[in-house]
Every structure is written in C-alpha cells, then in structure tokens.
Amino acid sequence: MEHGEKQITVVDEDGNEQLCEVLFTFESEEFGKSYVLYYPIGAENDDEDDIEIHASSFLPNEENQEGELQPVETDEEWDMIEEMLNTFMAEDEEE
C-alpha cells in the first residue's frame with residue numbers, strides 16, 4: 001500500500017481477494033499511522049444508495065513504501081476516521 005494508489009487488493013479472513021478503489025489516504029500524527037479508506041470496485045454501480053466504505057491503518061515500509069493493511073483498533077481511531085470521512089464527503093459535495 002502506497003499513498004496515492006488508486007486501487008488495492010484486499011484479502012479477507014477467508015483468503016478471498018477483492019479489488020478495491022481507494023477513496024483517500026491520510027496520516028495521523030496523533031496515532032502515528034497512515035490510514036486508507038476504500039470500497040469494493042463495482043459497489044458504486046449497485047442499486048443501493050449507500051456504499052459500504054472500509055478503513056484500515058497501514059505502516060509504510062521504508063524501503064519501498066508498501067505497507068500491510070492493519071485493522072483499526074480503538075474507538076478513538078474510528079472517531080477520527082469518521083471525522084475525516086465526513087470532511088472529505090462535505091468537500092466532495094461542494095465541487
């Protein structure tokens with residue numbers, strides 16, 4: 001995972017791979033991590049109005065900047081991610 005990537009492959013707990021579109025990435029100095037928000041490719045074409053957006057943290061590897069996705073672990077992180085998402089969506093609607 002690198003900042004600026006547009007698509008990532010996510011492997012679920014059953015070992016299934018799913019190609020996902022990256023919504024955006026950001027860094028948090030408070031938690032010392034980078035975060036990525038993403039959704040499954042094709043979800044935007046579904047009939048449902050709401051797209052399920054997933055979030056993970058990642059620590060970039062110094063050598064090649066790729067990192068492994070990690071689960072978000074605390075309620076404080078989730079609150080910060082939700083705030084960032086709300087800000088992103090509000091800015092997107094203004095355009």
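At least one side-chain heavy atom of E73 sits less than 4.5 Å from a side-chain heavy atom of K33. For the pair P40/H54, a side-chain contact is recorded, criterion being any heavy-atom separation below 4.5 Å from C-beta on. At least one side-chain heavy atom of V11 sits under 4.5 Å from a side-chain heavy atom of E17. Side-chain contact between Y35 and M80: present, with at least one pair of heavy atoms (C-beta onward) separated by less than 4.5 Å.
For the residue pair C20 and I41, the shortest heavy atom distance occurs at C-CG1, 3.7 Å. Pairing each heavy atom of L37 with each of A55, the nearest pair is CG-CB, 4.1 Å. The two residues P71 and S57 have their closest heavy-atom pair at O-OG, 3.8 Å. Of all heavy-atom pairs spanning S56 and V72, the tightest one is CA-CG2, 4.1 Å.
The CD atom of E76 lies 8.5 Å from the CD atom of E30; values are rounded to the nearest 0.5 Å. With rounding to the nearest 0.5 angstrom, the CG atom of L69 is 5.5 Å from the OH atom of Y38. With values rounded to the nearest 0.5 angstrom, M84 atom CE is found 5.0 Å from F26 atom CZ. One finds the CD1 atom of I8 at 10.0 Å from the CD atom of Q18 (value rounded to the nearest 0.5 Å).
Taking a 6.0 Å sphere around CG of D75, one finds it holds 12 or fewer heavy atoms contributed by other residues, nucleotides or ligands. Shown here is Q70, whose CD atom has more than 12 heavy atoms of other residues, nucleotides or ligands within 6.0 Å.
Applying the side-chain contact (heavy atoms from CB on, under 4.5 Å) rule to D14 yields the partners D12, N16; only residues at least two apart in sequence or on another chain are considered.
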